[in-house]
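Note that this is a predicted model, so its numbers are computed, not measured.
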Amino acid sequence: MSVMLTTGMATGSAASPVDKRRGQMKMLLARPWLRDVVIAGPLVLLLVGFLVIPLSFILWGSVEGTKLNFAHYARTLTNETNLKILLYTLRIGLIVTLVSLVAAYPVAYLLTKIRPRALSIVTIFILIPLFTAFLIRTYAWIIILGREGIINNTLLRLGIVSEPLPLLNTTFAVVIGMTHVFIPMAIFTMYSSMVRIDHDFARAAQILGAKPVQAFLRVYFPMSLPGVLSAGVLIFIIAIGFYITPALLGGPSDTMISQLIVMQMTTLLNFELSYASSIVLLLVTIGTLFLASLFIPLEMIWSPSIADLSNRPPSARTRALKGAKQVFDPVLVVFEMLVHAITKPLLTRKSRWLWVYTIAVLVFLTAPLIVIVVLSFSSSPFVVFPPPGFSLQWWEKLANATDWQASFLFSTKLGLTSALLATIIGTMGAFWLVRTTLPIKRALFLFSLSPLMVPVVIIATSLYVFEARIHVLGSFIGLVIGHVLLSVPYVIVVMSAALRGFDPSLERAAAVHGARPIQVLRLVTLPILKPALITAGLLAFLTSFDELLVSIFLLGRQTSTLPMKFWGDIKFQVNPLLSTASTFIVALVIVSILTVQWIRVRHEKRTSASANN
């Protein structure tokens, strides 16, 4: 066909529309720069048009434009209340980060040692709470920590306390709730880095005479520090911009800066001050990322498998580790002796204590969800645990609740639309980022992940201002843009990792045998990348389905999304109907995770069978 097309063009004969399109495609592919523009264009347009420009609007507004009035920054940093909230935010972010890392590290370590079947089972139990909406998990902790919650009722029945403890609306509740959110994230972030470490190094150290504790602390642990630091930075920058859990579990003295920004924007209508607070939070985030970049490549925070986009040697990290080793070596020796004496009975080859600990963490992660499921079948009109009896009344009410059904259908529509667009834009962007030869490849990749680096409350605020200017605020397309912006980076991370493991010789072989570029993409590349595409699409959908802050600012008079429906009901009433709706969503999450796992396993079996044949 290509020969016929060439002949036809040379003789000036009339070509068919199909031949013309193919000729145009060949001309496009013959110009690499034009091809890159087409592939990268949607991603660049999304990031520049709906992140960079909106952020510049709030930056400009924070100084009142040409007035260059910095009084709002001075008020943010010198006002006693505002400064107290900022410092409290940083303190909570640091506490939650440290607790999450300490709690997650042993689990991540165990995952690097167990067999694939056990790994799949444990992974599922971690993925379920990870992908369950923040609101649902926070609602569960309201039930557990309330004045008549599970903990207080248990303590009263056992006679340990004479009156309910003030657990809810405290800093303790905020830390517990946020830690519950971040532990799964910490586990997977550290595991993705630690799985690359060969345990033979530590075993070799023991053969040479090192005690198990010494082999771990002096060999394995230093090698795992980049993964620990990556998880810590990721958790910290998300924690300082967190909104849902502090707003529901904390009290007035537990206000964080994200709540302050929302209040300034929606209640006090002090836009300039909210802009200044947003920029201060953004600067704190940028400062955190800058410090992290001195020790690890920033892209490693989101995907260690693509961290080698940068060939920068970790000189700063190496110098820091050497300096720390020299300073703390005497203390480390004493610490090793104490830890060895304490843990010697536990350090067995079968790692029984690690399994016990991991099971305890899994119980901590899944117990709140189990409480919700049990309450959905309660016969009581109130939230009482354990339920006095079994009943399906709340499921019947949910089936007849038209407002809940409308919110679910609208969230599903919004999630599917956002996931489809995010998957297309993110996949095209991933192809461009992985296969481009530009020298600024690392900077481009970091720019593509920038929505993950900016706290969601800042993105929501800036989009609110910008979309009002372009007259799409309160429209479905404006809401989709916000959700796509937050979802695209997850697609890029998943697809970039998949493309880096893709064998390009398969595409060349298909081209040699006469396949056109579009045919190669449709018949070779995309089928092989199918599991990654499904995973990326699911991540994008769940990100949209769970998003609250962007919806609060951009929804307008449209039907409430499911998170906003939850938000409104939780703030004014806590009843078993919320548990029933939560159980329904948890069931959907479980089905989605199991389906993706089944597709992945099936694809791996087919791939291995084809390789063997």
Side-chain angles (χ1 to χ4, degrees), residues 25 28-29 32 35-36 38-43 46 116 120 123 127 131 188 192 195 299 302-309 415-437 441 444-445 448-449 452 484 487-544 592-613:
M25 182 62 67
L28 174 63
L29 295 175
R35 179 185 59 204
D36 289 346
V38 172
I39 296 175
L43 176 62
L46 177 70
S120 298
T123 298
L127 284 173
F131 287 137
F188 284 120
S192 60
V195 73
E299 56 270 26
W302 294 276
S303 181
S305 61
I306 51 181
D308 55 355
L309 284 171
L416 290 175
T417 305
S418 302
L420 177 62
L421 293 175
T423 303
I424 294 173
I425 295 173
T427 300
M428 293 172 64
F431 269 94
W432 176 61
L433 290 167
V434 171
R435 298 187 175 182
T436 186
T437 55
K441 189 173 186 176
L444 292 173
F445 182 78
S448 70
L449 299 184
L452 294 179
V484 170
S487 304
V488 157
Y490 295 102
V491 177
I492 291 175
V493 168
V494 173
M495 295 309 301
S496 296
L499 283 168
R500 290 186 65 79
F502 182 83
D503 186 359
S505 63
L506 298 174
E507 294 176 326
R508 290 194 292 267
V512 168
H513 286 83
R516 295 186 296 274
I518 296 299
Q519 290 178 315
V520 173
L521 178 67
R522 183 170 58 88
L523 301 175
V524 178
T525 308
L526 293 182
I528 294 176
L529 296 175
K530 180 180 177 181
L533 283 168
I534 294 174
T535 302
L538 177 62
L539 276 173
F541 175 80
L542 292 175
T543 300
S544 172
S592 300
I593 291 172
L594 293 178
T595 301
V596 171
Q597 289 285 83
W598 176 75
I599 293 174
R600 181 184 61 81
V601 172
R602 185 182 178 189
H603 180 79
E604 290 177 353
K605 287 182 178 179
R606 285 183 176 181
T607 304
S608 60
S610 301
N612 293 332
N613 293 333

CA sep, side-chain torsions, deciding dist, call: M428, L43, side chain to side chain contact (heavy atoms under 4.5 Å, CB included): CA-CA 8 Å; M428 293 172 64; L43 176 62; over 6 Å; no
Pairwise distance CG(L416) to CG(L421) - rounded to 0.5 angstrom: 11.0 Å
Side-chain donor/acceptor pairs under 3.5 Å, residues 531-544, sequence neighbours excluded:
unit_1	atom_1	unit_2	atom_2	d
T535	OG1	P531	O	2.9
T543	OG1	L539	O	2.7
S544	OG	H483	ND1	2.8

Shortest non-hydrogen contact between I492 and A430, atoms and distance: O-CB, 4.2 Å
Atom of A498, atom of L529 and distance for their closest heavy-atom approach: CB-CD2, 3.9 Å
Test log, rule side chain to side chain contact (heavy atoms under 4.5 Å, CB included), inputs R435 and L499: CA-CA 9 Å; R435 298 187 175 182; L499 283 168; 4.1 Å; yes
Distance, nearest 0.5 Å, that separates CG of L127 from OG of S592: 11.5 Å
Separation of F431 CZ from T525 OG1 (nearest 0.5 Å): 5.5 Å
From OG (S448) to CG (L433), nearest 0.5 Å: 4.5 Å
Heavy-atom pair of closest approach, residues P42 and I39: CD-O, 3.7 Å
Minimum-distance pair of heavy atoms, taken over all atoms of T427 and V491: N-CG1, 3.8 Å
Sub-4.5 Å side-chain heavy-atom contact between S496 and F445: yes
